Amino acid sequence: METTSIRPFPEGFLWGASTSAFQAEGAAHEDGKGLSVMDVRVQDPSITNYEVASDHYHRFREDVALMKEMGLKAYRFSIAWTRIFPEGNGEVNQKGVDFYNELIDELVAANITPIVTIYHFEYPQGLIDQYGGWLDRRSIDDYVNYASFLFRTYGDRVKYWLTVNEQDHVVHMPFRIGLQKGDVKVTKKAGFLANHNMCVAAAKAIAACHEIVEGGKIGPAVCFDMMYPTSNKPEDGLAWLDAMDIRNYYVLDMNVHGEYNGVFRKYLEDRGWMPEIYPGDMELMKANKPDFVAFNYYASKSVSAYPTDDEHKMGEIVGDLLPETDPGVFRVVKNENLKATLWGWEIDDVGLEGVCRILWDRYRLPLLITECGFGNKETLPEDGMVKDDDRIDYLSRHIKAVQRSMNVGVPFIGFCAWSFMDIISGHSGFSKRYGFVFVNRDEHDLKDLKRYKKKSFGWYQKVIATNGASLDE
Ligand code: BG6
């Protein structure tokens with residue numbers, strides 16, 4: 001809808017940027033850190049050097065100084081579970097505890113609000129070895145014990161907490177829950193069991209946060225792609241509704257409403273994937289709602305109906321990471337109206353406006369964007385400044401989309417761009433860069449890891465300094 005005016009960003013809007021531990025810190029085997037699934041199952045050393053990442057563990061003071069220079073109001077990062085509890089439970093590793101104390105102190109001294117993700121993909125391998133990790137109910141108590149330790153240790157300074165990063169992706173990726181890639185039907189059943197246990201664990205962590213952290217606010221950080229039906233055929237419209245229910249809403253429906261939505265439940269039951277619900281599970285979720293909905297947004301997807309036939313049977317999902325074809329439900333189709341990144345992610349700021357409105361309409365909780373960014377291949381020019389105009393354009397459009405949604409009543413806590421500096425991509429090594437700050441290394445040649453401000457650094461600095469007004473210049 002066109003409007004005649006647009007409200008400025010409110011005072012106190014959290015202009016932020018994000019990273020995660022395994023992607024930024026490095027020091028993968030230092031100071032007593034234990035192994036996570038990312039260390040042992042996901043990271044292929046032939047792709048890149050993961051052990052050093054961006055060396056944030058050793059250079060965090062320099063990085064926070066850059067954040068301060070940029071004027072960041074918030075920094076969203078994750079704590080590596082296995083730095084705190086190397087085995088996932090049991091003995092605490094004091095050196096890991098100290099590292100995050102120092103990082104948080106540094107942020108607070110720089111007037112930057114820390115937003116902490118409790119668990120960002122790095123599940124302790126120790127818990128997989130002990131009892132199979134998220135597939136066992138013991139995982140719930142170990143997660144809550146770990147989260148409660150964080151609340152007690154850092155809760156005097158950290159008031160924003162994120163329970164699980166992209167649970168909706170994690171459960172579709174066998175290696176992230178400690179399984180080998182195998183029979184899709186087996187791994188999906190396991191994934192949705194893990195999903196249930198994570199929701200119970202998150203509800204308990206929400207309760208613990210509210211009890212332990214004075215003024216603490218906590219919520220999930222899901223990935224939420226905008227979706228569209230590919231045509232005005234009624235069956236494509238219905239496939240879109242189904243895809244929204246079973247791909248986008250299901251985790252938040254459990255976190256916020258304490259329920260399996262009807263389409264998702266039937267989808268799981270028909271395929272034999274419905275996990276056992278223990279007495280009290282859903283009541284626990286209902287009683288412990290998040291304070292906000294945080295989400296990561298990168299792109300949109302278009303779907304059309306995909307009926308089963310002799311060759312494409314129910315449950316025979318195809319898609320390396322996330323289902324791209326799900327017989328009997330939908331298939332993802334290229335959107336010819338949108339440009340895409342080098343990795344095929346369809347760029348769609350209008351879609352972000354839609355997502356903001358959808359999330360507010362369905363959950364009535366304030367929103368926080370924890371990731372949004374443009375991945376690109378970049379090299380350091382002679383003058384030392386990467387001219388990342390495409391990133392500036394992407395971020396500018398997406399931030400304006402947030403503003404448009406706020407203009408029609410969606411309440412927002414803040415916007416955290418992905419990522420503060422170049423870090424290891426979730427799937428594509430170091431060649432896929434997202435940062436405002438260039439980190440001087442290649443996949444295997446670690447060079448000097450020196451930091452260089454990109455053009456977008458100054459651009460975002462101005463956006464923050466003018467509280468968004470410079471976006472209209
Ligand atoms: C999200 C993750 O899935 O997207 C991040 O929370 C990840 O960890 C980001 O880096 C971008 O994905 P990728 O694969 O481009 O790094």
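Just so it is clear, the structure is predicted and the values come from calculations on it, not from any experiment. By convention here, the first residue in the shown sequence is residue 1. Both ligands and their constituent atoms are indexed starting at 1 by order of listing.
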Checklist outcome for this item: Note: ligand 1 atoms sitting under 4.0 Å from heavy atoms of Glu166 are 1 (C), 2 (C), 3 (O), 6 (O)

Checklist entry - In the protein, what heavy atom is nearest to atom 14 (O) of ligand 1, and what distance, to one decimal place, separates them? => result His427 CD2, 2.9 Å

Next on the checklist: Over 60° means perpendicular and under 30° means parallel, so tell me whether Phe77 and Tyr75 are parallel, tilted or perpendicular.
Outcome noted: parallel

Next on the checklist: Could you report the tightest heavy-atom contact between Arg441 and Ala53, atom names first, then the distance?
Outcome noted: NH1-O, 2.8 Å

Next on the checklist: Before you tell me yes or no, could you show the steps for Trp134 and Tyr119 under ring-ring contact (aromatic ring centres under 6.0 Å, His included), namely the whole-Å CA-CA distance, both residues' side-chain angles and the distance that decides it to 0.1 Å?
Outcome noted: CA-CA 13 Å; Trp134 283 119; Tyr119 158 48; 5.8 Å; yes

Checklist entry - Any ion pair linking Glu353 and Arg404 (charged N to carboxylate O, less than 4.0 Å)? => result yes

Item to check | Residue selection (non-hydrogen contact nearest atom 2 (C) of ligand 1) among Glu371, His169, Arg433, Lys432 | outcome: Glu371

Checklist entry - Is any side-chain N of the basic residue among Arg433 and Asp422 closer than 4.0 Å to the acidic one's carboxylate O? => result yes

Checklist entry - Within less than 4.0 angstrom of ligand 1, does Trp343 place any heavy atom? => result no

Next on the checklist: Closer than 4.0 Å to some heavy atom of Ser425 - which atoms of ligand 1 meet that?
Outcome noted: 13 (P), 14 (O), 15 (O), 16 (O)

Checklist outcome for this item: Counting from 1 in the order shown, the ligand 1 atoms closer than 4.0 Å to a non-hydrogen atom of Asn296 are 6 (O)

Checklist entry - If you count the atoms of ligand 1 from 1 in the order shown, which ones are under 4.0 Å from a heavy atom of Trp345? => result 11 (C), 12 (O), 13 (P), 15 (O)

Checklist entry - In ligand 1, which numbered atoms sit nearer than 4.0 Å to a non-hydrogen atom of Gln23? => result 5 (C), 7 (C), 8 (O), 10 (O)

Item to check | Polar proximity ligand 1 side, Gly426 side, N/O cut 3.5 Å exclusive | outcome: yes

Checklist entry - Salt bridge check: are Lys454 and Glu378 linked by an N-O gap of less than 4.0 Å? => result yes

Checklist outcome for this item: Honestly, for Ile423 the part within reach of ligand 1 (heavy atoms, under 4.0 Å) is neither

Next on the checklist: What I want to find out is whether Lys400 reaches Asp349 closely enough, with some N-O distance under 4.0 Å, to be called a salt bridge.
Outcome noted: no

Checklist entry - Is Asp31 salt-bridged to Arg83, going by a charged N under 4.0 Å from an acidic O? => result no

Checklist outcome for this item: Under 4.0 Å from one or more heavy atoms of Tyr298, ligand 1 contributes atoms 4 (O), 9 (C), 11 (C)

Item to check | Ligand-residue contact atoms, ligand 1 with Tyr434, heavy atoms, under 4.0 Å | outcome: 11 (C), 12 (O), 13 (P), 15 (O), 16 (O)

